[in-house]
J.: 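Please see the structure below; I have some questions.
In this chain, residues are counted from 1 in sequence order. As the structure lists them, so they are numbered: ligands from 1, and atoms in each ligand from 1.
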Amino acid sequence: MSSEFEQNLKKYAKVIVKVGLNLQPGQRLLIGGLTLSNDGTPLEFAPLVRLIAKEAYQIGARLVDVMWGDDQLRLIRFQHAPKDSFEVFPKWRIDAEVKIGEAGDADLVIVSSDPELLREQDPQLITKFQQTFFKHVKPLSDLISKNAMNWLAASGATDGWANKVFPTFPKKSRKAKLWDSIFEICRVKEKDPISAWRDHIDQLGKRKDYLNSKKYNELKLIAPGTDLTIGLPKGHKWVGGITTTQNGINFTPNMPTEEIFTIPHKDKTEGIVSSTKPLYYGGVIIEDFRLKFSEGRIIEVKAKKGADFLLKTLETDNGARYLGEIALVPHSSPISQSDLLFYNTLIDENAAIHVAFGRARKFNLENGEEMSDDDFAGVGGNLSLIHIDFMIGSGEMDVDGITEDGTFEPIMRNGEWAFKV
Ligand code: ZN
């Protein structure tokens with residue numbers, strides 16, 4: 001490994017601990033929760049995890065603990081475990097994260113995604129596996145939705161993932177290339193990454209404040225294949241860059257992050273939307289799809305690839321067919337400019353304007369954190385076990401905000417911000 005790589009990895013660890021988590025003296029840090037992509041922190045990340053632990057202890061962390069995982073073990077389970085065992089779930093992993101959240105400590109996941117890992121496995125088993133995951137992850141999603149703790153989802157390169165993103169590069173250099181891209185889009189290669197992040201977060205904050213001051217009634221999104229009106233609930237909050245926990249810690253929950261997002265009113269989306277990038281979701285790729293909405297509900301689904309899987313996912317529960325997020329990202333974002341497809345929503349969602357079907361977040365609504373599920377749904381918040389982002393933006397998308405009296409105001413033109421801050 002080159003010393004340049006080691007230096008970048010060290011800077012990455014610092015950015016993760018100081019900006020992403022903003023870990024506080026006296027906090028515990030748990031690394032390696034369960035995600036749809038990974039059963040824990042991939043063993044390949046041990047060098048990064050050790051650097052993170054050092055940074056954390058230097059700040060005054062009381063204990064850094066790790067739950068390891070391994071993609072190959074997941075594959076072995078699909079290949080060899082009894083077919084009727086896929087509703088068995090390692091609940092202790094979620095319990096550990098919930099305890100961290102309830103105590104107001106910090107939680108970090110470092111994800112990697114190998115889109116081909118489960119390619120040859122039985123789709124029914126994959127669906128069963130996902131349903132089991134969603135059934136058990138709710139207590140954790142609830143804590144996240146309430147900003148109970150400072151948490152961060154970041155990513156790291158693994159061989160399986162690098163093979164998919166850089167298939168034309170010599171095999172030996174692919175992982176280094178993916179690490180390099182991650183460093184690039186996470187501003188690690190800047191001279192002073194911490195201050196570069198502060199500037200970036202500041203910019204996002206100004207855009208967010210502008211949109212919050214506007215209190216738009218609706219958004220109108222127009223692009224080839226898309227003509228969508230999204231009603232926004234009263235008291236919706238645009239969120240981006242920094243988020244604050246209930247006990248007052250400012251943290252940045254995603255790295256990279258380029259988005260400013262809010263909550264759609266669950267019953268007020270009308271029209272048609274087309275995807276502009278493939279959606280990689282839990283082992284399956286869904287491509288070139290179009291959704292038609294009426295009164296907030298997806299009433300028609302067309303997809304060139306992965307239609308069955310998409311339909312199955314939309315059957316998860318009642319809320320799965322309604323939107324839970326609309327996020328604005330300029331087409332000139334560094335991730336969009338890299339022109340790479342990462343097959344990883346954490347990164348790809350920051351390349352384009354996107355929406356998510358499924359669960360809305362309570363922190364996107366004024367006083368939402370204190371609302372019960374019923375109250376939240378009553379004012380337009382969507383409830384679901386799933387939350388799946390998909391990309392709809394491009395250099396051809398225009399977005400307008402529609403005010404209470406019906407005036408259209410430009411928010412984005414040809415994929416770029418149309419207002420000054
Ligand atoms: Zn998003």
J.: Ring centres of Phe289 and Phe390 under 6.0 Å apart?
T.: yes
J.: Nearest N/O/S atom of Glu349 with respect to the Zn ion (ligand 1), by atom name, please.
T.: OE1
J.: What is the name of the N/O/S atom of His354 that is nearest to the Zn ion (ligand 1)?
T.: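 Of the nitrogen, oxygen and sulfur atoms in His354, the Zn ion (ligand 1) lies nearest to NE2.
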J.: Restricting to N, O or S atoms, which atom of Glu259 is closest to the Zn ion (ligand 1)?
T.: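 Going through the N, O and S atoms of Glu259 one by one, OE1 ends up nearest to the Zn ion (ligand 1).
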J.: Start with the C-alpha gap between Leu323 and Asn382, add the side-chain angles, then the distance that decides, and say whether side chain to side chain contact (heavy atoms under 4.5 Å, CB included) holds.
T.: CA-CA 7 Å; Leu323 292 185; Asn382 191 31; over 6 Å; no
J.: Taking the N/O/S atoms of Glu325 one by one, which is nearest to the Zn ion (ligand 1)?
T.: OE2
J.: Looking at Lys220 and Asp227, does any basic side-chain N land under 4.0 Å from a carboxylate oxygen?
T.: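 Yes, Lys220 and Asp227 are salt-bridged.
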J.: Does the pair Lys237 and Glu366 meet the rule for a salt bridge (charged side-chain N to carboxylate O under 4.0 Å, His left out), with working shown?
T.: CA-CA 6 Å; Lys237 280 200 301 195; Glu366 247 161 66; over 6 Å; no
